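Residue numbers start at 1 and run along the sequence shown. Every heavy atom of this structure was used, including side-chain atoms; hydrogens, water molecules and symmetry mates were not. Read the numbers this way: they start at 1 and go in the same order the structure lists the ligands and their atoms. Quick caveat, the model's predicted, so the values are computed rather than measured.
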Amino acid sequence: MEELLHRIAHCVEFGKINKISPYPPDMKEQDGADELTKSALDKGISPNDVLTRGLVVGMEKVGVKFRENKVFVPQVLMSAKAMSTAMQHLKPYFQSGAVKRKGTFIIGTVVGDLHDIGKNLVSMMVEGNGWEVVDLGIDVKVEKFIAALKEHPGSVVGLSALLTTTMVNMEQIVKELQVQVPGTRILIGGAPVTDEFRKKIGADFYSPDPQGAVEYLNRLIA
Ligand code: B1M
């Protein structure tokens, strides 16, 4: 069992989706996250173990390597693809409640801003870490965050901005959320954002990268 979970983690870490996937070249024609996850479940390994001791372990390793500039965006995207392909096998267990998500994370790029590459990476890493992610997309107004919070009470909110002209919109969103849905935890990020700015606008946490976002969320439920 340990060996199989280790292989699943390895496939996610190196972005090996399935047997026919040519990437990475040194794993050509080997089973990928897809086949190994199915095989683990068929062998009776619990879906929770497959998730937390296999898939999530691989995704965490990628997050740390990305933070340390040891891998880059394309590798993270391949890992996320391997993860999401494997997750299809776990879907029925999530639906039946046999596997529980850690919590819900609502994320969006703030109003006026159309950049979504960084936001998508955060979204994928958080999802790959066992959280349910509600991705509201780009150019998101405060009303949409509030509506999502009403639908998913108690969720943590993530705001992304890439422009100096739109990071100021974060302030308005944070203030409004604090009034409309008090107690909501708000995490912010994006290239021009800093911790100093976070303090100024009263958000709860700033992360410069996806792994920091994952670690913050996991600390909240520890
Ligand atoms: Co735009 N753009 N862009 N752009 N664009 C930048 C951001 C810019 C720095 C380019 C430049 O001038 N050198 C500049 C901003 C200047 C500033 O305000 N300081 C700029 C500009 C000016 C513009 C336009 C105004 C250009 C124009 O039309 N005149 C326009 C604005 C449109 C709008 O949003 N209203 C515009 C448009 C675009 C495109 C649509 C063409 C395209 C976006 C496509 C897309 O996202 N689907 C685009 C792109 C691609 C860029 C650059 C080249 C790349 C951004 C990116 O994706 N980086 C960028 C220049 C650059 O960075 N070299 C630029 C990769 C990504 C992985 O990093 O998004 O920083 P990043 O995300 C990181 C972290 O920041 C963090 O994690 C991610 C992974 O490490 N992170 C979070 C992000 N969100 C987080 C949330 C968190 C936590 C961490 O918690 C919630």
Side-chain angles (χ1 to χ4, degrees), residues 12-13 15 59-81 83-84 101-142 144-146 148-149 152 154-178 181 184-221:
V12 172
E13 182 180 355
M59 210 61 189
E60 259 170 14
K61 287 190 175 162
V62 181
V64 171
K65 287 201 283 190
F66 183 61
R67 165 190 281 169
E68 294 170 350
N69 292 324
K70 289 181 181 156
V71 296
F72 301 99
V73 173
Q75 283 107 320
V76 179
L77 293 177
M78 293 308 287
S79 291
K81 180 72 186 159
M83 175 93 196
S84 63
R101 305 266 195 193
K102 292 178 177 175
T104 305
F105 181 56
I106 297 168
I107 187 168
T109 301
V110 298
V111 57
D113 200 319
L114 307 178
H115 296 84
D116 68 355
I117 298 169
K119 184 266 296 168
N120 291 345
L121 287 175
V122 175
S123 180
M124 286 185 284
M125 295 295 291
V126 170
E127 188 170 36
N129 209 270
W131 287 73
E132 183 182 356
V133 173
V134 177
D135 191 335
L136 302 178
I138 52 173
D139 192 19
V140 184
K141 294 192 176 81
V142 65
K144 211 166 164 188
F145 284 107
I146 292 170
L149 273 166
H152 306 276
S155 304
V156 183
V157 170
L159 307 177
S160 179
L162 260 288
L163 301 170
T164 43
T165 49
T166 57
M167 66 189 264
V168 293
N169 297 339
M170 282 180 164
E171 181 165 13
Q172 182 243 334
I173 294 175
V174 168
K175 297 274 178 284
E176 195 64 23
L177 286 181
Q178 284 167 344
V181 198
T184 302
R185 301 278 188 160
I186 306 169
L187 155 70
I188 63 171
V193 180
T194 61
D195 199 47
E196 205 182 349
F197 177 71
R198 175 201 65 81
K199 285 183 195 140
K200 181 176 162 276
I201 69 170
D204 295 284
F205 193 74
Y206 156 71
S207 172
D209 53 39
Q211 187 59 19
V214 167
E215 288 168 7
Y216 169 69
L217 290 171
N218 287 343
R219 276 201 300 279
L220 288 179
I221 53 160

Any protein heavy atom < 4.0 Å from [atom]:
atom	result
atom 86 (C) of ligand 1	yes
atom 82 (C) of ligand 1	yes
atom 72 (O) of ligand 1	yes
atom 61 (C) of ligand 1	no
atom 24 (C) of ligand 1	no
atom 20 (C) of ligand 1	yes
atom 45 (C) of ligand 1	yes
atom 51 (C) of ligand 1	yes

Write out the residue and atom name of the closest protein heavy atom to [atom], then the distance separating them to 0.1 Å.
atom	result
atom 35 (N) of ligand 1	Gly112 O, 2.9 Å
atom 78 (C) of ligand 1	Gly118 CA, 3.7 Å
atom 69 (O) of ligand 1	Leu162 CD2, 3.3 Å
atom 6 (C) of ligand 1	His115 NE2, 3.8 Å
atom 84 (N) of ligand 1	Ser160 OG, 2.8 Å
atom 89 (C) of ligand 1	Ser207 O, 3.3 Å
atom 14 (C) of ligand 1	Leu163 CD2, 4.2 Å
atom 34 (O) of ligand 1	Leu114 N, 2.6 Å

Is any side-chain heavy atom of [X] less than 4.5 Å from a side-chain heavy atom of [Y]?
X	Y	value
Glu127	Met59	no
Ile201	Ile188	yes
Leu220	Val156	yes
Asp135	Lys119	yes
Leu217	Lys102	no

Could you tell me whether [X] approaches ligand 1 through its side chain, its backbone, both or neither, with non-hydrogen atoms closer than 4.0 Å?
X	result
Ala161	neither
Leu121	side chain
Ile117	both
Val193	neither

Ignoring hydrogens and angles, tell me if any N or O in the side chain of [X] forms a donor-acceptor pair with the backbone of [Y] under 3.5 Å.
X	Y	value
Tyr206	Phe197	no
Ser79	Glu13	yes
Gln75	Lys65	no
Asp209	Gly212	yes
Asp113	Ala161	no
Asp116	Ile138	no
Thr109	His115	yes
Arg198	Ala203	yes
Asp139	Gly112	yes

[X] atom [atom1], neighbour heavy-atom count above 12 within 6.0 Å:
X	atom1	result
Glu68	CD	yes
Lys141	NZ	no
Lys175	NZ	yes

If you count the atoms of ligand 1 from 1 in the order shown, which ones are under 4.0 Å from a heavy atom of [X]?
X	result
Gly158	91 (C)
Phe66	79 (C), 80 (O)
Pro210	77 (O), 79 (C), 80 (O)
Gly189	82 (C), 84 (N), 85 (C), 86 (C), 87 (C), 88 (C), 89 (C), 90 (O)
Ala191	70 (O), 75 (O)
Asp113	34 (O)
Gly190	75 (O), 81 (N), 82 (C), 83 (C), 84 (N), 85 (C)

Any side-chain donor near an acceptor of the partner, Asn129 and Asn218, under 3.5 Å: yes

Does the N or O separation between [X] and ligand 1 drop below 3.5 Å for any pair?
X	answer
Asp116	yes
Leu187	no
Thr164	yes

At the 4.0 Å heavy-atom cut-off, does Pro208 count as touching ligand 1? yes

